[in-house]
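These notes concern the structure reproduced below.
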Amino acid sequence: MKLRTKILLMVLGCVLTALILQTCLFQIRSSALIYDLAKGESEQSLQNMQNEIYGLIKNMENHLIEIYLDDELIESLQQRERVQELRTKFYRKAYDIAMNEFETGDGVVSLYLYTMDHQIISTYRRAVTPKHNYATDIYTDRENNNADIVRGYVESDDAVMLVSSYYNKYRGKNILRLVLKLYRESNLDDKIGYVVCDIDMKAVENIMEKYRIDSTVFMWLQPAGDCPVATLGELDAEQKEEYETIRSAVAARENIVEQLNSKQEFFCVRQNHYNLTAYSMMPQTVLQQNQRNLQMNLILIAVLMIAAATILTFFISRGLTRPLEMLMDTIRQIGDGNTQLRATVVKNDEIGELGKEFNDMLDQMEVLKQQEYQAKQLLSQAEYKALQAQINPHFLYNTLDTMASIAEVRNCPEVSRLSQSLANIFRYSLNMKNPFSTVEQEIAHLKNYIYVMDMRMHDNIRYTFQIEEETLKSKLPRISLQPLVENAINHGLRNKRGAKEVCVRIWIEDGRLKICVADNGVGMETTEINASLQRNEIDYVEQGNSIGLHNINARLKMLYGDQYGLRIDSVLEEGTKVFMILPDNGEENTDD
């Protein structure tokens, strides 16, 4: 057995022994503790839910209390005016309270204002449709509207706002009901009326869903002596029987029997202020899930530790026992062509000394290779400048002929402007110290060229520029933009009848500088020329067959790589678009 194998078996044995001991100790001591912690967490979640529901109800109560600011209403109720007079004066009061004191998101669906003898004064209903229909008076159908709970509360001495509910058969769901008594000033013995506010249960249901720890948990809210306000979850036959027992006991204000089925856990949390208690039932398997999860985590940790120990032992043993083999493997890879690789075994021994000498030899070879590469670069730069030089003469000679013709035929200031533009073109074109320029400089050169061409050709071409400001300092090869416009004029618009237009657009997209020169000319077939541009036929340029598109395309690919260059989109009789794509260098120096 090799040394590496012995080390590996020893490490794996230690790891497995430690994991087995840890699992056994956990099973003996920690299972009960985790179960109790899970119960505590469930009860705390129920408590947090109650706190948030309390905040929601308290906020609604604060809105209802604003009714005391209505001096006219309070004064009329204190004077015990007749109900007909109150209805005449305050028939819209419920609507005003619902609209002015509550936000749209509060979900108020109906609001009722009553005297102390349960006579309706004013009613607000949010909607009256087959689906959204609410009673005009909760006492017209006392049983279905759960009105006896309201009457009993109003006639009692309980000063805390009532929290109740009723089942709306049109909505097919429970509606939360809040009842607030109105008192003469601060005298709790002198009641002058009360307000009933019905609220959509959606906000309460959202809070309950937020704190339900598992989909198998059944939760409900129920005041003592009343029916459940809201429920959440599904019940099987066994759970439903226990739920009915507890619900009936709470409605009858009886003690809750906590001896439930051994497969269920029961929790209840009461509110300290409102008569509203939260209940939940869950299978014990939900609480035991944490134990199972931890056991699965232990198994997963064991697998990962075994894998990590195996990998770590393999690499450590390999570093101790096979330095020479690694050095020889490196030499073989270098011999196969991977010349960038270097020997990593550099220790203070004979093998380390051999590795250092070998690395020095490779470094010297890289120096010689770099010198050869630089020589090729110089040759490429010469070839690039030769390509660039092809653009200038043709345009300059033609422009000189045009100036001579204008000077001979006309005697006007146009010659002065034409000469000035031509001087700028000469100056820009003949300055070859830096083969690169900026978008801003190229646009200035292009506008000089356009002026000269307008004077020469009188084509009445309309030029538009769409240039993003951040592109102005971007670098590009000198005299790259003008040949594209020249190509559009000579080939796209020469035989075009009617309005002629050239559009130059420059923008940055995905870290690339993109230029589009579009004309509305006669169009062309682009398949063959795009294929030629993609192949980058340098011989085609050198033979003098093109001083425009192929020249620019060759320069771009030579400078930046094959992924950049020109592409042409064209539709016959509609126009042509020439796209130039190159890397966005910003204000960086690209002379290198």
If you measure only the distance, is there a donor-acceptor pair under 3.5 Å linking the side chains of D70 and Y68? no
How long is the straight-line distance from CG of N48 back to CD1 of I207, given to the nearest 0.5 Å? 12.0 Å
Judged by modelled atom types alone, do Y134 and R171 share a side-chain donor-acceptor pair under 3.5 Å? yes
Heavy-atom neighbours of Y170 OH exceed 12 at 6.0 Å: no
Return yes if some donor-acceptor pair links the side-chain N/O of N553 with the main-chain N/O of L549 below 3.5 Å, else return no. no
Rounded to the nearest 0.5 Å, what separation is found between the CD1 atom of I506 and the CG atom of L481? 5.5 Å
Is it the case that more than 12 heavy atoms not belonging to K89 sit under 6.0 Å from its NZ atom? yes
For D584, is there an ion pair with R512 - N to carboxylate O distance below 4.0 angstrom? no
For the side chain of S45 and the backbone of Y211, is there at least one donor-acceptor N/O pair under 3.5 Å apart? yes
State plainly whether the residues D519 and K500 are in salt-bridge range, i.e. N to O under 4.0 Å. no
Using a strict 4.0 Å threshold on nitrogen-to-oxygen distance, state whether K173 and D200 make a salt bridge. yes
Can you tell me how far CG of L582 sits from CG of L476, rounded to the nearest 0.5 angstrom? 6.0 Å
Answer yes or no: is there an ion pair linking K58 with E61, defined by an N-O contact shorter than 4.0 Å? yes
When rounded to the nearest 0.5 angstrom, what is the spacing between NZ in K210 and CD in E205? 15.5 Å
Is it the case that atom OH in Y167 sees more than 12 heavy atoms from other parts of the structure closer than 6.0 Å? yes
All ring-ring contact (aromatic ring centres under 6.0 Å, His included) counterparts of F102, not counting sequence neighbours: H63
Hey, does H132 have a side-chain heavy atom less than 4.5 Å from the side chain of R125? no
Run E501 and Y463 through side chain to side chain donor-acceptor pair (under 3.5 Å) and show every step you take. CA-CA 6 Å; E501 183 175 354; Y463 297 90; over 6 Å; no
Roughly how far, to the nearest 0.5 Å, is CD1 of I568 from CD of E525? 11.0 Å
Residue pair D198 / Y112: nearest heavy atoms and the distance that separates them: OD2-CE1, 3.6 Å
So, for S165 and N174, which heavy atoms are closest and what is the spacing to 0.1 Å? OG-ND2, 4.4 Å
Within-4.5 Å side-chain heavy-atom neighbours: P477 and L559: yes
Would one find more than 12 heavy atoms of other residues, nucleotides or ligands at under 6.0 Å from atom CD of Q563? yes
Indicate yes or no: does E442 engage R478 in a salt bridge with an N to O separation below 4.0 Å. no
Restricting to non-hydrogen atoms, name the atom on I508 and the atom on S474 that form the minimum distance, rounded to 0.1 Å. CD1-OG, 4.2 Å
Apply side chain to side chain donor-acceptor pair (under 3.5 Å) to S532 and Q534, showing your working. CA-CA 5 Å; S532 177; Q534 185 66 29; over 6 Å; no
Is the ring pair Y560/Y564 parallel, tilted or perpendicular, if the boundaries are 30 and 60 degrees? perpendicular
With no hydrogens and no angle check, is any side-chain donor or acceptor of N168 less than 3.5 Å from a backbone partner on N133? yes
